[in-house]
Amino acid sequence: MHDAGAPSVTVDGQVLEAELGSVIQNNVGISMLLVSTGDGRAIACRSQNKLDPRRLSAMTNSFLTLGETLSRELGLTTADYVTMSTSQGSMVLVRVGADRPYTLAALGHADTSLAILLYAARDAAARIKPLL
């Protein structure tokens, strides 16, 4: 995914999306994986739901950045991840530190435990880091 007016991101989107698809296929509890730049631009998304990756990228990156800022304000170390849980599922947001910062958003089904989702999101972040 690339916005016409946005600066180029040197990531092979097809390879990245294929890796996201592999992660979802191997983790049946995940319904969406979304990778965005540190400024909130979508670069890869795999989802079983109909959604707008561009809008979600901006929101997920802002939510993770807010969690990181709150962590610093509290005098804690940098936040490793941020979560959101509802009765219909949970989302985990992880910062992927490559040459530049990226956000990985992982959405789990209602019956997927937060621990399983977090483990899968961290594993996915490690798997995609070399591709970024």
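I43 is connected to V15 through a chain of hydrophobic side-chain contacts under 4.5 Å among Ile, Leu, Val, Met, Phe, Trp and Tyr, so both are in one cluster. Linking Ile, Leu, Val, Met, Phe, Trp and Tyr residues whenever their side-chain heavy atoms come within less than 4.5 Å leaves L66 and V82 in two separate clusters. Hydrophobic clustering, with ILVMFWY side chains joined whenever heavy atoms are under 4.5 angstrom apart, keeps V92 apart from Y119. L64 is connected to M59 through a chain of hydrophobic side-chain contacts under 4.5 Å among Ile, Leu, Val, Met, Phe, Trp and Tyr, so both are in one cluster.
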**Request:** Dump the intermediate steps for side chain to side chain contact (heavy atoms under 4.5 Å, CB included) on L107 and N49, then the final yes or no.
**Result:** CA-CA 10 Å; L107 180 63; N49 309 325; 3.7 Å; yes
**Message:** For T83 and L114: C-alpha separation, side-chain torsions, deciding distance, then whether side chain to side chain contact (heavy atoms under 4.5 Å, CB included) applies.
**Reply:** CA-CA 9 Å; T83 63; L114 189 53; 4.0 Å; yes
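Looking at heavy atoms from C-beta onward, M32 lies in side-chain contact with M91 at the 4.5 angstrom threshold. Under the 4.5 Å side-chain criterion, counting only non-hydrogen atoms from C-beta, Y81 is not in contact with L93. Residues L132 and L16 meet the side-chain proximity criterion, which asks for heavy atoms closer than 4.5 Å. You'll find the side chain of P53 reaches within 4.5 Å of the side chain of L51, heavy atoms only. The closest side-chain heavy-atom distance from I128 to V35 is below 4.5 Å.
Contact detail for Y102 and T37: the closest heavy-atom pair is CD2-CA, 3.9 Å. The two atoms that bring V96 and A125 nearest to each other are CG2-CB, 3.8 Å, heavy atoms only.
Judged as a salt bridge (Lys or Arg N to Asp or Glu O under 4.0 Å), not a single pair has a partner in residues 107-120 (not counting sequence neighbours).
Scanning for side chain to side chain donor-acceptor pair (under 3.5 Å) contacts around S85 gives S90, with sequence neighbours left out. Looking at residues two or more places apart in sequence or on another chain, you find a side-chain contact (heavy atoms from CB on, under 4.5 Å) between S57 and L34, S36, A42. Residues forming a side-chain contact (heavy atoms from CB on, under 4.5 Å) with D123 (at least two apart in sequence, or on another chain): R127. With sequence neighbours left out, T69 forms a side-chain contact (heavy atoms from CB on, under 4.5 Å) with T65, R72. Listed by chain and residue number, E68 satisfy the salt bridge (charged side-chain N to carboxylate O under 4.0 Å, His left out) test with R95 (two or more places apart in sequence, or in another chain). For I24, the side-chain contact (heavy atoms from CB on, under 4.5 Å) partners two or more places apart in sequence, or in a different chain, are I30, L33, R46, Q48.
Between the CG atom of L118 and the OG atom of S113 there is a distance of 9.5 Å, given to the nearest 0.5 Å.
At distances below 3.5 Å, at least one donor-acceptor pair connects side-chain atoms of D12 with backbone N or O atoms of Q14.
The hydrophobic cluster containing L74, built from Ile/Leu/Val/Met/Phe/Trp/Tyr side-chain heavy atoms closer than 4.5 Å, also comprises L70, L76.
The side chain to side chain donor-acceptor pair (under 3.5 Å) with T103 is formed by just one residue from the set T60, N61, D39; it is N61.
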